[in-house]
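Structure first, commentary second.
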Amino acid sequence: MAKVQNFAGISPDLPFTEYDFYDLYRQTFENSELGKIKATLPLREMAENFGLTNRSMRPKVGRRSYFTAEGKIALMFLKMYTGLSSPKLMEHLNGNVHYQLFCDVRIDPMHPLTNYKLLDDVFSELARGLKIQQQQEILASAWKPYMKNLDTMYTDATCYESEMRYPTDPKLL
């Protein structure tokens with residue numbers, strides 16, 4: 001069995017559908033915060049804008065990617081959402097089924113991913129194809145129904161003195 005499988009390419013291993021424990025995870029995922037975030041993300045459009053989807057019918061040469069095109073975009077959002085480093089994110093991705101559902105990947109618990117450079121390679125691939133203005137337009141058009149007060153702009157007015165030093169006991173006296 002492969003270490004990682006895409007959810008789209010999985011057929012049930014057991015002949016009885018009532019034993020599909022992933023179905024319970026899918027149901028709870030849809031109601032979780034991560035599930036709600038994934039439902040609002042235009043992953044297909046963003047993947048097309050990154051150039052991850054291949055429009056030609058020519059078969060690709062080399063090893064299949066662990067992540068689908070949408071899964072790579074979702075992985076980027078998951079990294080920013082959790083704030084974890086790549087090694088920690090891989091550790092959580094191996095053990096958290098909701099993270100796997102978010103990224104459209106299923107990792108075999110007997111053969112977890114061990115090389116966090118895999119995630120770094122995905123992030124590097126996305127960085128090479130990033131067109132920030134076009135991605136912002138895709139997100140803005142997808143999220144417009146959820147936003148209100150579109151004519152208002154908020155800015156941070158925080159300022160501090162540039163000659164400030166860390167207070168020590170003699171300076172405080």
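The first residue in the sequence is number 1, and the count goes up from there.
Atom-to-atom distance recorded for K79:NZ and S85:OG is 6.0 Å, nearest 0.5 angstrom. A distance of 11.0 Å separates CD of Q100 from CG of L78, quoted to the nearest 0.5 Å. For the atom pair Y66 OH and D121 CG, the distance stands at 11.5 Å (nearest 0.5 Å). Distance check: E30 CD to R26 CZ gives 9.5 Å after rounding to the nearest 0.5 Å. The CD1 atom of I107 lies 4.0 Å from the CG atom of L93; values are rounded to the nearest 0.5 Å. Atoms CD and CG, from E45 and L139 in turn, are 10.0 Å apart once rounded to the nearest 0.5 Å.
By the 4.5 Å heavy-atom criterion applied to side chains, M76 and V122 are not counted as neighbours. No side-chain heavy atom of F77 sits under 4.5 Å from any side-chain heavy atom of L34. By the 4.5 Å heavy-atom criterion applied to side chains, T82 and H92 are not counted as neighbours. Contact annotation: the side chain of L75 never approaches that of V105 to less than 4.5 Å [non-hydrogen atoms, C-beta and beyond].
Closest of all the heavy-atom pairs between M147 and A140 is CE-O, 3.8 Å. Heavy-atom minimum distance, A142 versus P42: CB-CG, 3.7 Å. The minimum heavy-atom distance linking Q134 with N49 is given by the pair OE1-ND2, 2.9 Å. Across L43 and A74, no two heavy atoms sit closer than the pair CD2-N, 4.0 Å.
Around CE of M110, the count of heavy atoms belonging to other residues, nucleotides or ligands within 6.0 Å does not exceed 12. Environment of NZ in K88: sparse, with no more than 12 heavy atoms of neighbouring residues, nucleotides or ligands closer than 6.0 Å.
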**OP:** Run the numbers on E33 and K36 for side-chain contact (heavy atoms from CB on, under 4.5 Å), then give the verdict.
**Re:** CA-CA 5 Å; E33 187 174 347; K36 291 175 185 174; 5.8 Å; no

**OP:** Evaluate the criterion side-chain contact (heavy atoms from CB on, under 4.5 Å) for residue pair L101 and V97; output intermediate values, then yes/no.
**Re:** CA-CA 6 Å; L101 287 169; V97 177; 4.2 Å; yes

**OP:** May I have the step-by-step check of side-chain contact (heavy atoms from CB on, under 4.5 Å) for L126 and L52, ending in yes or no?
**Re:** CA-CA 9 Å; L126 293 176; L52 297 177; 3.6 Å; yes

Subject >> Step-by-step side-chain contact (heavy atoms from CB on, under 4.5 Å) determination, I73 to L41 >> reply: CA-CA 9 Å; I73 306 296; L41 292 176; over 6 Å; no

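One hydrophobic cluster, built from ILVMFWY side chains closer than 4.5 Å, holds both I138 and L150.
With N94 contributing its side chain and M90 its backbone, the two residues share a donor-acceptor pair below 3.5 Å. Distance alone, capped at 3.5 Å, places no donor-acceptor pair between the Q135 side chain and the L130 backbone.
Between F102 and F29, the ring planes lie perpendicular to each other; the angle is over 60°, past the 30° to 60° tilted range.
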